[in-house]
Each structure stands twice: as C-alpha cells, then as structure tokens.
Amino acid sequence: MNNAPSSDFLVRFKIDKRPNCNVIAFVTWPPCTKEHLQAVGAADFVSSSALKDTLPLFEFLCSKANPCFSINKLAVERFKSLRGVLPFLRSEISDSEPLIITGHGLGGSVASLFTLWLLSEINLSKTKRPLCVTFGSPLIGDEDLKAILQYSVWNSCFLHVVSAQDPLPRVLTSTHNSPSTESASRTNEYKPFGTFMLCSELGFTCFEDPEFILEFLKATYSEVSPHFLVDYKPVVEQLKLKVICEDTSWFSQPLLAGITVQVLATGLGQQPWQNIDINALIAKAEREFKSMIPMKTQVFDPSKELNDEKINMARMEWYKKASKHSGIGYYDRDKNQSFTSDQDVEKYKKTLTCYWEKLVDEVDKKPQKEGASFRTRWLFGGTNYRRMIEPLDIAAFYRDGHTGYLKGRPKHYKLLEQRLNNDGRPASNANINSKKKNVEANLTEDSCFWAHVEEARISCKLMLIRNSESSIVDLEGPHKSNLIAFEGYVLGLLRNYAVSPEIFLTKSSFMGWWKEYKEIIAKGIMGTFYSSPLTELMKTRRYSHYATGSLEFPEICMQ
C-alpha cells in the first residue's frame with residue numbers, strides 16, 4: 001500500500017495487475033465514519049469554478065447547459081492529496097486491458113473523483129471504459145454534476161454498492177449546503193449519479209433513476225442508525241455467485257409486482273431503526289419508472305437516424321438541381337410555392353430540422369471533452385444541413401410577411417455556425433482556386449444570405465416610397481447606409497467564391513433587388529453619378545463569368 005500526505009485522513013491506494021484486468025483500490029485511514037461526515041464543515045461543497053486555480057482537473061466536465069457544478073469539499077481535499085502521484089497512476093494503466101477502480105467509504109469518493117479525472121485523460125474510442133465500483137461511499141456531487149453525467153456514456157462507468165445496514169452513503173442526503181464561493185442564500189443538495197446496487201440479506205437490486213435513489217436513501221436513513229463500519233466482504237463473495245442484469249429487464253415484468261420485489265430485496269423495513277411507509281415508497285417508485293419508460297424506449301440515437309437524414313438531404317439536392325433547371329433557384333421556388341412538389345420539400349425540411357435540433361441539444365448537454373469529439377464528428381453534416389435548409393426557413397419567414405429574421409434566428413442554426421467558426425477550419429479558408437473550379441455545385445457559405453437580400457429589398461422599397469412622396473430625400477438615412485453595407489457584403493462573398501451562382505438566375509430575389517436598386521441609382525437617390533465595384537459588375541453583366549470561376553474583380557472607387 002502507498003500513502004499520500006493529508007492532515008486528517010491518509011489516502012492509500014493499491015495497484016493489482018491481474019491476468020484479465022487491472023484494479024486500483026483506494027481507502028482512507030482512519031476509516032471515515034458517520035461521525036466524520038456529521039462534523040462541522042465535512043458536508044460542505046466546493047464549486048468547480050473555485051477549483052480552477054487550485055485543482056483545475058475537472059473543467060472538462062462543464063457543458064453549456066451546466067457551466068458549473070459542486071463537489072464535496074472533504075472528498076476533493078482527499079483527492080487533492082493524490083495530485084502528485086496521478087501521473088504515476090496513469091502510467092500504470094494499460095489502455096488495452098479492462099480497468100476496475102474501487103474504494104470503500106471515503107476511499108470510494110476518491111475512487112469516483114479519480115475515475116472522473118481519468119476520463120479526461122483517455123481516448124474512449126481506443127480504450128476500454130473504466131468501471132468504478134464503490135462500497136458504502138458517500139454522495140459527492142450536486143444536481144449540476146448529476147445532470148452532466150446523466151446525459152453522458154460516462155454515467156455507466158459508475159456502480160455504487162450500498163448495504164441496507166450502512167449509514168455512510170445516506171448521511172449527506174439530509175444535508176443542504178452553500179458552495180464556498182457562492183452566495184449563502186443559495187443551497188445545494190447532494191444528488192446521486194451512476195447505478196446503485198442496494199443489497200441486504202434478502203438479495204441485490206440495481207436502480208439507475210437518481211430521484212428514486214435519493215428518495216430511497218433518505219427514507220432508509222436514521223440518526224439512530226448503528227455507528228459501526230459495514231464489512232462489504234460478504235457482499236463481494238455473494239456477487240461472485242450471481243449474474244447482475246441491467247434494470248431495463250424490469251419493464252418486461254408486471255410493473256408493480258416487479259417493483260415490489262425489487263424494493264423488498266433491499267431489506268427495506270427489516271432494520272429496527274427504520275420507520276418507513278413501504279407502500280408509499282413502492283408507489284413512488286412505480287410513478288418514477290412509468291415516467292422513465294418513454295425515456296428508455298425513445299432514446300435519441302443520431303447514428304441510427306443518420307441514414308434517413310442522408311436520404312432527405314439527397315432529396316433536397318435533387319430539389320435544388322430541379323429548381324435551377326427551371327430557371328429559378330430553390331430559395332425562390334420554395335418562397336413562391338408554385339408547384340405541388342414544394343409541399344413534399346416542407347416535409348423533408350421538418351424531418352431534417354427535428355433531427356438537427358435534437359442533435360445540437362444533445363451536444364450542448366455533453367461535457368466539454370465528450371462534446372468536442374462529438375461536435376467534430378458531426379460538423380461537416382451540420383454545416384451542409386444549415387447551408388441547405390436555413391434558406392428555406394428564411395423563405396417561409398419573408399413569405400409570411402415578417403421582417404428582421406436575424407433578430408429571432410433559431411438557436412440551433414446559430415450554434416451550428418458557432419461550432420464551425422470555433423473549429424478553426426472554416427470552409428471559407430479553402431483554396432480559392434479549388435472553390436472557383438467547384439463554384440457551380442457549392443452552397444452559399446453564409447446560410448443567412450437570403451435574409452440580407454430580403455432586408456436590402458425592404459430598404460429599396462422604402463426609399464422608393466419616400467422618394468415618391470417627397471422631393472427631399474435624406475441621403476444619409478439608415479436605408480442608404482444599409483444598402484451600401486449590403487453591397488460590400490455581397491462583393492466580399494463574390495471575391496471569395498462563397499456564394500452560389502444561382503443568385504444570378506433571372507427570377508431570383510437577388511436579381512429582383514438589383515432591378516429595384518438600379519431604379520434608385522437612376523433617380524439619383526444614392527447620389528449624383530453614384531458608382532461602386534458591385535454596381536459596375538452588375539451593369540456590365542460581368543457576373544455571367546462567375547459560374548465558370550473566371551470572374552475578375554478590378555478595383556473601382558466609390559463615387
């Protein structure tokens with residue numbers, strides 16, 4: 001055994017390399033008791049934000065949905081005492097062999113934190129997931145930590161064994177605390193995560209629902225419960241003789257009967273200090289499990305649905321090509337709704353949007369590390385979806401008479417674009433010569449392009465109305481500024497070959513804007529002899545060379 005220094009508890013660990021797996025076991029000395037956890041300050045939380053400077057090992061767990069969480073301060077201090085030996089422990093772990101991490105009591109809390117840290121160090125695509133098995137371990141985290149792990153495959157890495165006679169896992173369920181770095185007005189409650197195996201002389205049963213586990217631990221805790229340390233060796237010996245099945249098999253049984261058997265197998269009500277309404281707890285368990293059935297049977301699996309989405313994207317590609325052959329881009333064809341087939345496109349669009357909304361939401365809930373690899377894997381598909389489908393949402397928005405699409409742009413589009421920008425490899429950085437060769441097939445890189453076109457057309461119409469109503473026109477007004485800015489925006493896209501040549505089709509909304517803008521220029525509303533690089537390009541019809549990648553951009557000064 002090896003010791004790590006500590007002022008109160010010594011943390012000991014042992015590495016056991018076996019033929020079929022490796023085992024790392026943690027214990028504390030002296031053993032942690034109920035009285036230790038009831039001592040002043042023992043149940044305090046420390047927030048992840050407070051650990052940034054002293055123990056920055058768990059930041060990877062944060063997600064956009066849960067940017068901060070709290071951990072038991074006593075467990076963090078014990079784990080911190082191991083910081084100097086973490087590189088050694090990591091070097092002793094073989095990525096090709098199964099790993100079991102275990103601990104008893106407060107040692108189990110250290111084992112859980114070590115497992116969380118290890119998940120940031122290993123590549124799960126190439127390494128077997130570690131299994132953390134704790135015995136009689138106190139709860140270590142709050143609602144936010146539970147929420148993070150609840151949506152992660154990491155949740156399945158934790159199995160917590162709890163004896164019906166052991167008060168240690170139950171003590172903190174009745175404790176509410178203020179994180180050390182946050183307002184005292186806010187209280188946190190300890191919440192479980194992972195699978196809990198509850199055992200007694202009558203048998204074993206596993207639960208995954210955190211709310212029921214918490215309710216169960218609370219119901220079976222008593223201040224007058226025995227103060228002795230529970231020996232889990234008999235439990236381990238019994239487990240060697242049994243096959244542990246996942247709790248999802250319960251749903252194949254008559255629900256109430258199955259739940260009753262599971263709850264009674266924990267030894268509930270068998271201890272003299274327990275004063276429990278068993279029927280009420282069973283009824284609560286039945287309600288919880290009924291609410292979980294849809295979650296178990298309707299889990300969103302992006303990989304399984306991906307093929308269907310590829311088919312729908314192929315249908316959208318066909319729609320885009322068919323529209324072009326008709327002399328109108330797919331944006332304007334969808335906006336006009338001139339053909340019955342346009343209704344089918346709406347169905348494909350809704351299916352694709354539902355898929356990507358769910359996927360973006362799932363990624364947002366994932367811890368940073370897991371979410372990062374997930375985001376990279378789906379980035380290409382998400383970018384193509386956004387560039388293909390968002391223009392159709394914009395078409396519907398302006399068809400219905402609305403204005404200002406960008407102000408209420410759907411969240412999932414904004415997040416997908418943000419992922420691309422943060423990736424560091426945006427498509428706009430591609431070789432310009434390559435983009436010239438493929439411009440005919442390219443999607444417009446800015447999926448909000450048509451929203452800018454529609455807003456520019458609105459500015460044109462308002463300027464023409466003002467000009468017809470009065471001989472005085474405010475040349476420095478916002479609409480003129482908007483149109484000049486729009487010119488620069490379009491020219492930048494053209495220079496980078498970042499816009500589809502479909503915008504130059506005769507019936508497109510962009511060409512509609514140009515017709516209106518020419519009228520404004522001709523009336524002198526933009527100023528006497530107004531000219532710009534974009535207006536010269538459009539007047540001379542040099543844009544016809546864009547589709548072949550041969551358009552040149554001579555500099556023409558604004559007048």
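What you see below is based on every heavy atom in this structure, not just the backbone, and it leaves out hydrogens, waters and symmetry mates. Because the structure is a prediction, the values reported are computed rather than measured.
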Listed partners of [X] passing side-chain contact (heavy atoms from CB on, under 4.5 Å), at least two apart:
X: M316; result: Y319, V345, Y348, L352, M388, I389, L392
X: P31; result: W29, L229
X: D361; result: K365

For [X] and [Y], which heavy atoms make the closest approach, and how far apart are they?
X: S112; Y: T134; value: OG-CG2, 3.7 Å
X: L139; Y: L172; value: O-CD1, 3.3 Å
X: L55; Y: F58; value: CD2-CE1, 4.0 Å
X: F45; Y: I140; value: CE2-O, 4.5 Å
X: L406; Y: C448; value: CD2-SG, 3.5 Å
X: S91; Y: F88; value: OG-O, 2.6 Å

field: Whether D142 side chain and L145 backbone form a donor-acceptor pair below 3.5 Å
entry: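 Yes, D142 side chain to L145 backbone: donor-acceptor pair under 3.5 Å.
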task: Using modelled atom types only, decide if a donor and an acceptor are shared between the side chain of N72 and the backbone of A42 within a distance under 3.5 Å.
output: yes
- request: Using distance alone, with no hydrogens and no angle criterion, decide if Y355 and N312 have a side-chain donor and acceptor under 3.5 Å apart.
  value: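 Looking only at side-chain atoms, N312 and Y355 do not form any donor-acceptor pair under 3.5 Å.
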query: Among side-chain atoms of S163 and Q165, is any donor-acceptor pair under 3.5 angstrom?
result: no
- prompt: By ring pair (Phe, Tyr, Trp, His ring centres under 6.0 Å), which residues pair with F397, not counting sequence neighbours?
  reply: H402, Y405
task: Using ring pair (Phe, Tyr, Trp, His ring centres under 6.0 Å) as the criterion, list what pairs up with F158, not counting sequence neighbours.
output: F193
Holding to side-chain hydrogen bond (donor to acceptor under 3.5 Å, both in side chains), I want the full list of residues that pass it with [X], two or more places apart in sequence or in another chain.
X: S137; result: S109
X: K191; result: E143
X: R409; result: E390, E417, S447
X: K17; result: E92

query: Can you name the salt bridge (charged side-chain N to carboxylate O under 4.0 Å, His left out) partners of K80, sequence neighbours left out?
result: none
State, with a plain yes or no, whether a side-chain heavy atom of [X] is found less than 4.5 Å away from one of [Y].
X: L118; Y: I93; value: yes
X: I213; Y: H160; value: no
X: F79; Y: W117; value: yes
X: C32; Y: L37; value: yes
X: Y190; Y: T173; value: no
X: L113; Y: L116; value: yes
X: V46; Y: T54; value: no

query: Which residue pairs pass the ring-ring contact (aromatic ring centres under 6.0 Å, His included) test with at least one member in residues 122-141, sequence neighbours excluded?
result: F135-Y232
- prompt: Can you tell me how far SG of C68 sits from NZ of K52, rounded to the nearest 0.5 angstrom?
  reply: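 SG of C68 is found 7.5 Å from NZ of K52.
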message: For the NZ atom of K128 and the CD1 atom of I122, what is their distance to the nearest 0.5 Å?
response: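 Interatomic distance, K128 NZ to I122 CD1, rounded to 0.5 Å: 12.0 Å.
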field: Within residues 93-103 or reaching into it, pairs that qualify as side-chain hydrogen bond (donor to acceptor under 3.5 Å, both in side chains) - sequence neighbours excluded
entry: N22-E97, R90-D95, S94-S96
query: Looking at D16 and R18, does any basic side-chain N land under 4.0 Å from a carboxylate oxygen?
result: yes
